[in-house]
Amino acid sequence: MNPHRPPTTRRPAALRRTPPAVLLAALLATALPALAQYKVVGPDGKITYTDRAPTTTQGTAKPITGKSSGGPAASEVPLPLELRQAVTRYPVTLYTATGACDVCATARQLLRTRGVPYAEKQVLSPEDNEALQRLSGGQDVPTLTIGSQTLRGLSPDVWTSYLDAAGYPKDSRLPAAYQYPAPTSIVARANSAPAAAPAAASRSPAPIDAPEAAPENPTGIKF
């Protein structure tokens, strides 16, 4: 060996044997969860992420929808990123009464026109009335919750300001295939169908308070 010859820099053996295409694929794989819309659990329990709807032979697939935990099952259509972030941080629940409640219908239309995913809870029994009282401090319908913020009575300007502050898009971003979940009672019941309303629900809803003034500084709203 020539003692004056500088040593040769050598790459580790693992890198020398790994084709560039394999290294590139490994780098891309680390970014897949951020771009994926589906989480797939294979028959062997292996979890993968993909932006394409998988076949039944690939395992059990669950769309990444951004719906909040503990709420009713919503449409399993993946939501756009901006909308998914708002739904995850500040889920919306609408509390209504059954029967002829025109203002409840107006509240639904306001949310749907803007494309806000929401769960609807209906007052179907005295227990539901009590639950609404504990939640909002009253029995007004409609009542809206955005995250932990409770808004009693319909006031379009106030609702719009709070939805803006929560980051919901001003125009609908809902996919065409999205479907809103069916209304349910506030208090969960075993083996009960929401369509059959007890006699207590036939009473007229409590009067709605006068609309509140829209907050002057929506960005300071605490959810």
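When a residue number appears, it is its place in the shown sequence, counting from 1. Note that this is a predicted model, so its numbers are computed, not measured.
By the side-chain hydrogen bond (donor to acceptor under 3.5 Å, both in side chains) test, Ser136 pairs with no residue at all, sequence neighbours left out. In this structure, the side chain to side chain contact (heavy atoms under 4.5 Å, CB included) partners of Thr160, at least two apart in sequence or on a different chain, are Arg114, Asp164. For Ala86, the side chain to side chain contact (heavy atoms under 4.5 Å, CB included) partners at least two apart in sequence or on another chain are Tyr168. Evaluation of the side-chain hydrogen bond (donor to acceptor under 3.5 Å, both in side chains) rule for Glu127 yields Ser125 as partners, not counting sequence neighbours. Under the side chain to side chain contact (heavy atoms under 4.5 Å, CB included) criterion, Glu82 pairs with Pro169, Arg173, sequence neighbours left out.
Listed by first and then second residue, the ring-ring contact (aromatic ring centres under 6.0 Å, His included) pairs that reach into residues 126-156 come to none, sequence neighbours excluded. Residue pairs meeting the ring-ring contact (aromatic ring centres under 6.0 Å, His included) criterion with at least one partner in residues 140-159, sequence neighbours excluded, do not occur; the list is empty. Contacts classified as salt bridge (Lys or Arg N to Asp or Glu O under 4.0 Å) and involving residues 95-108 (residues at least two apart or in different chains) are given here: Arg108-Glu120. A disulfide bond (SG atoms under 2.5 Å apart) check over residues 116-149, counting only residues at least two apart or in different chains, returns nothing.
At least one side-chain heavy atom of Leu135 sits under 4.5 Å from a side-chain heavy atom of Thr145. By the 4.5 Å heavy-atom criterion applied to side chains, Pro142 and Tyr95 are not counted as neighbours. Annotation: side chain of Val123 is in contact with side chain of Leu132 (closest heavy-atom distance under 4.5 Å). Counting heavy atoms from C-beta outward, Pro183 and Thr96 have side chains that stay 4.5 Å or more apart.
Under the 3.5 Å distance criterion, the side-chain polar atoms of Asp128 are matched with a main-chain donor or acceptor of Val187.
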